[in-house]
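Worksheet for the structure shown next.
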Amino acid sequence: MTRISHQAWGVCGVGLLVMLVAEVLRTMGLALYLWGAIWVVGWVALAVGIGMAVRHRTGWVATAVSVVFTLLGLYFAATGANGSFIAMSSLAVVAVAAEVTFLVQVALGQSPGARPEPIPYSMTFSLAGIGVILLAGAFALLANGMPLGFLSFGFSLGLIASSVGFGAITLLRRPAQEPSR
């Protein structure tokens, strides 16, 4: 099993801390553009931290996609193009979901981005269950106007995609059954 470096954990932690500080400052009446800039710094740090944890080309590509679309979303938000902002933010969240999928593969000792090897059903169901719980939390956070729901949404998509991928691979690689006599 591949171990995730302390530096990757640290960068992810700093990113989460910056996003939480931005949320606290927002409740204190911080200007919206300043809050958004601080929040984006935290999001980018978290995405880079996950890329550091994956340590593979596919992880870095997903990190780059997330960072680029996050910065494009920030640009469109500043110009008032709400539709473009929503599209760019959604793509950034999907890229983080891909990073989380690769991170699950790394945590299981598999090569990220490749076809996953079958894992026990209990792990598949655990990934799906945690993903669904995070998805419910994401909707609750977003309904209350908290952008941390985007982060929860990205992680839930990644975990659900991992469980579906592992489940599908397990079904496809099931040994052929002998005809009954």
Side-chain angles (χ1 to χ4, degrees), residues 1-20 22-23 39-74 86-142 146-170:
M1 181 181 274
T2 305
R3 295 181 53 99
I4 297 172
S5 71
H6 293 291
Q7 292 85 6
W9 283 112
V11 172
C12 286
V14 167
L16 283 172
L17 183 64
V18 168
M19 286 192 290
L20 289 172
E23 290 298 321
W39 204 89
V40 164
V41 167
W43 178 270
V44 168
L46 183 78
V48 168
I50 297 172
M52 289 172 64
V54 173
R55 291 189 319 252
H56 192 268
R57 181 177 35 93
T58 56
W60 287 117
V61 168
T63 299
V65 168
S66 179
V67 169
V68 166
F69 283 115
T70 299
L71 295 176
L72 283 172
L74 186 62
I86 291 170
M88 297 302 121
S89 298
S90 298
L91 291 171
V93 168
V94 169
V96 165
E99 282 186 290
V100 170
T101 303
F102 301 145
L103 185 61
V104 168
Q105 285 181 299
V106 166
L108 294 173
Q110 299 181 6
S111 177
R115 291 184 71 158
E117 294 297 321
I119 60 172
Y121 287 119
S122 60
M123 290 182 71
T124 302
F125 289 132
S126 296
L127 287 169
I130 293 168
V132 169
I133 290 168
L134 278 173
L135 187 61
F139 284 127
L141 287 169
L142 289 172
M146 297 184 72
L148 286 175
F150 288 114
L151 180 65
S152 180
F153 198 68
F155 273 83
S156 68
L157 286 179
L159 291 175
I160 292 170
S162 294
S163 67
V164 169
F166 286 124
I169 292 298
T170 301

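The structure presented is a predicted model; accordingly, all values stated were derived computationally and were not measured. For the numbers below, each heavy atom of this structure counts, side chains included, while hydrogens, waters and symmetry mates do not.
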How long is the span from the [atom1] atom in [X] to the [atom2] atom in [Y], to the nearest 0.5 Å?
X: L148; Y: E23; atom1: CG; atom2: CD; result: 4.5 Å
X: S163; Y: L127; atom1: OG; atom2: CG; result: 6.0 Å
X: L157; Y: L134; atom1: CG; atom2: CG; result: 10.0 Å
X: L17; Y: C12; atom1: CG; atom2: SG; result: 12.5 Å
X: W60; Y: R55; atom1: CH2; atom2: CZ; result: 10.0 Å
X: S162; Y: F102; atom1: OG; atom2: CZ; result: 9.5 Å

Are the side chains of F150 and P147 in contact, using a 4.5 Å heavy-atom criterion?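 A side-chain contact exists here, since the closest heavy-atom pair is under 4.5 Å.
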V106 and H56, any side-chain heavy atoms less than 4.5 Å apart: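 No - every pair of side-chain heavy atoms lies 4.5 Å or more apart.
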Derivation and outcome, side chain to side chain contact (heavy atoms under 4.5 Å, CB included), residues M123 and L108: CA-CA 10 Å; M123 290 182 71; L108 294 173; 2.8 Å; yes
Return the minimal non-hydrogen interatomic distance between [X] and [Y], and the atom names on each side.
X: A95; Y: A62; result: CB-O, 3.5 Å
X: I160; Y: A128; result: CG1-O, 4.4 Å
X: L141; Y: S152; result: CD1-CB, 4.3 Å
X: A8; Y: A53; result: CB-N, 3.6 Å
X: V100; Y: G154; result: CG2-O, 4.5 Å

Qualifying side-chain hydrogen bond (donor to acceptor under 3.5 Å, both in side chains) pairs with a residue from residues 89-102, counting only residues at least two apart or across chains: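 Pairs touching residues 89-102 that pass the test: T63-E99.
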What's the verdict on side chain to side chain contact (heavy atoms under 4.5 Å, CB included) for F166 and Q105, showing C-alpha distance, side-chain angles and the deciding distance? CA-CA 10 Å; F166 286 124; Q105 285 181 299; 4.2 Å; yes
For Q110 and I119, run side chain to side chain contact (heavy atoms under 4.5 Å, CB included): C-alpha distance rounded to whole Å, both residues' side-chain angles, the deciding distance at 0.1 Å, then the answer. CA-CA 11 Å; Q110 299 181 6; I119 60 172; 3.8 Å; yes
Evaluate the side chain to side chain contact (heavy atoms under 4.5 Å, CB included) criterion for residues L159 and V104: first the C-alpha distance (whole Å), next the side-chain angles of each, then the deciding distance (0.1 Å), finally the verdict. CA-CA 8 Å; L159 291 175; V104 168; 3.7 Å; yes
Just list the side-chain donor-acceptor pairs under 3.5 Å for residues 42-50, sequence neighbours left out, or say none.
from: W43; atom 1: NE1; to: S66; atom 2: OG; distance (Å): 3.3
from: W43; atom 1: NE1; to: T70; atom 2: OG1; distance (Å): 3.0

